[in-house]
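Here is the structure we will look at.
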Amino acid sequence: QAGTAIQNLQLLQDSQEQARHDSLTGLLNHSAVLNALTQELSRAKRTRHPVGVLIADLDHFKRVNDTYGHPVGDTVIQETAQRLRETARVYDHVGRVGGEEFLIILPDCDLQALRECAERLRTAISDMPFDTSSGPLTITVSIGATVGSPDHPVSPALLRKMADYALYRVKSRGR
């Protein structure tokens, strides 16, 4: 009976873990990364440290799917996820919030550190071609950034909206 109980607990833990992660990339899924943002903003309020928020969106991704097919698009999404995960700090939260859109939450990150992180992420995507079944592809990414300050607290939804607006501005200015 003890063995069965342990197995059941492991299955429950595995299913909870699967429910929090995107099946294609292994990153946090939409709801899990938004929960992480809420938690980090609560922590920031207590510790009085800023929280950086980045929204990264692959440029012209529809063209990749239309030209090379969805399997190649999936490869690009998976490799993007891997590069973001490897480039982010160990305690950052990286999630996939839409098709080719990623949300990165950076605890204890001021504006200068956020700029540096965004640039590291951008170059991790753009500087090395993606190996695909259709050959190497050069992919670029646009990133919107904002910082949540404990001195001027805002809701998680507003902070995300601010990062979205920054992303929109970057894309409208030529990516």
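FYI, the numbering just counts along the sequence from 1.
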Applying side-chain contact (heavy atoms from CB on, under 4.5 Å) to Leu121 and Val141, what does each step give before you reach the verdict?
CA-CA 9 Å; Leu121 293 169; Val141 63; over 6 Å; no
From CA spacing to verdict: side-chain contact (heavy atoms from CB on, under 4.5 Å), Leu106, Val53:
CA-CA 6 Å; Leu106 302 101; Val53 176; over 6 Å; no
Does Arg43 come within less than 4.0 Å of Asp108, counting only side-chain N to carboxylate O?
no
Could you give the distance from NZ (Lys62) to OG1 (Thr67), rounded to the nearest 0.5 Å?
9.0 Å
For the residue pair Val147 and Pro50, what are the closest heavy atoms and their distance?
CG1-CB, 3.7 Å
Return the CD1 to SG distance between Ile104 and Cys109, rounded to the nearest 0.5 Å.
11.5 Å
Can you check whether Ile125's main-chain N or O pairs, donor with acceptor, with Arg83's side chain at less than 3.5 Å?
yes
When rounded to the nearest 0.5 angstrom, what distance separates NE2 in His93 from CG in Asn35?
11.0 Å
Contact summary for Ala44 and Pro150, nearest pair of heavy atoms:
O-CB, 3.7 Å
Do Arg96 and Leu28 come close enough that some side-chain heavy atom pair is under 4.5 Å?
no
Has Lys45 got more than 12 heavy atoms of other residues, nucleotides or ligands less than 6.0 Å from its NZ?
no
Can you name the nearest heavy-atom pair linking Arg122 to Ile143, along with the distance?
N-CD1, 3.9 Å
Under a plain distance cut-off of 3.5 Å, with no hydrogens placed, do Gln82 and Gln78 share a side-chain donor-acceptor pair?
no
From Thr132 atom OG1 to Ile139 atom CD1, the distance as rounded to the nearest 0.5 Å:
8.5 Å
Linked, directly or transitively: Val76 and Val94 (ILVMFWY side chains, under 4.5 Å)
yes
Check the hydrophobic clustering (I, L, V, M, F, W, Y; side-chain heavy atoms under 4.5 Å; chains of links allowed) and say if Met128 and Phe130 are grouped together.
no
Close side-chain approach of Asp92 to Pro107, heavy-atom, < 4.5 Å
yes
Beyond-backbone contact of Val64 with Val72, side-chain heavy atoms, under 4.5 angstrom
yes
Check: Ser142/Asp59 side-chain N/O donor and acceptor closer than 3.5 Å
yes
Shared ILVMFWY cluster between Tyr165 and Leu158, side chains joined below 4.5 angstrom?
no
Please round to the nearest 0.5 Å and tell me the distance separating atom OG1 of Thr75 and atom NE2 of His70.
12.5 Å
Below 4.0 angstrom, N of the basic side chain to O of the carboxylate: do Arg46 and Glu40 qualify?
no
Minimum heavy-atom separation for Thr87 to Ala124, with atom names?
OG1-CB, 3.3 Å
Arg120 backbone acceptor or donor facing Thr123 side chain under 3.5 Å
yes
Charged N-O contact under 4.0 Å between Asp164 and Lys161:
no
What pair of heavy atoms forms the shortest contact from Ser126 to Thr140, and how long is it?
OG-CA, 3.5 Å
Return the CZ to OG1 distance between Phe61 and Thr80, rounded to the nearest 0.5 Å.
7.5 Å
Linking I/L/V/M/F/W/Y whenever their side-chain heavy atoms sit closer than 4.5 Å, directly or via other members, would Tyr68 and Leu24 fall into one cluster?
yes
Check the hydrophobic clustering (I, L, V, M, F, W, Y; side-chain heavy atoms under 4.5 Å; chains of links allowed) and say if Leu84 and Ile105 are grouped together.
no
Between Asp22 and Thr25: side-chain donor-acceptor atoms closer than 3.5 Å:
yes
Apply side-chain contact (heavy atoms from CB on, under 4.5 Å) to residues Leu167 and Glu101 and explain how you reach the verdict.
CA-CA 11 Å; Leu167 175 64; Glu101 189 172 89; 3.9 Å; yes
Nearest heavy-atom pair of His30 and Val97: which atoms, and what distance?
CD2-O, 3.2 Å
Heavy atoms, side chains only, cut-off 4.5 Å: are Val33 and Phe102 in contact?
no
Is any side-chain heavy atom of Arg160 closer than 4.5 Å to one of Ile55?
yes
Going by heavy atoms in the side chains, are His21 and Leu27 under 4.5 Å from each other?
no
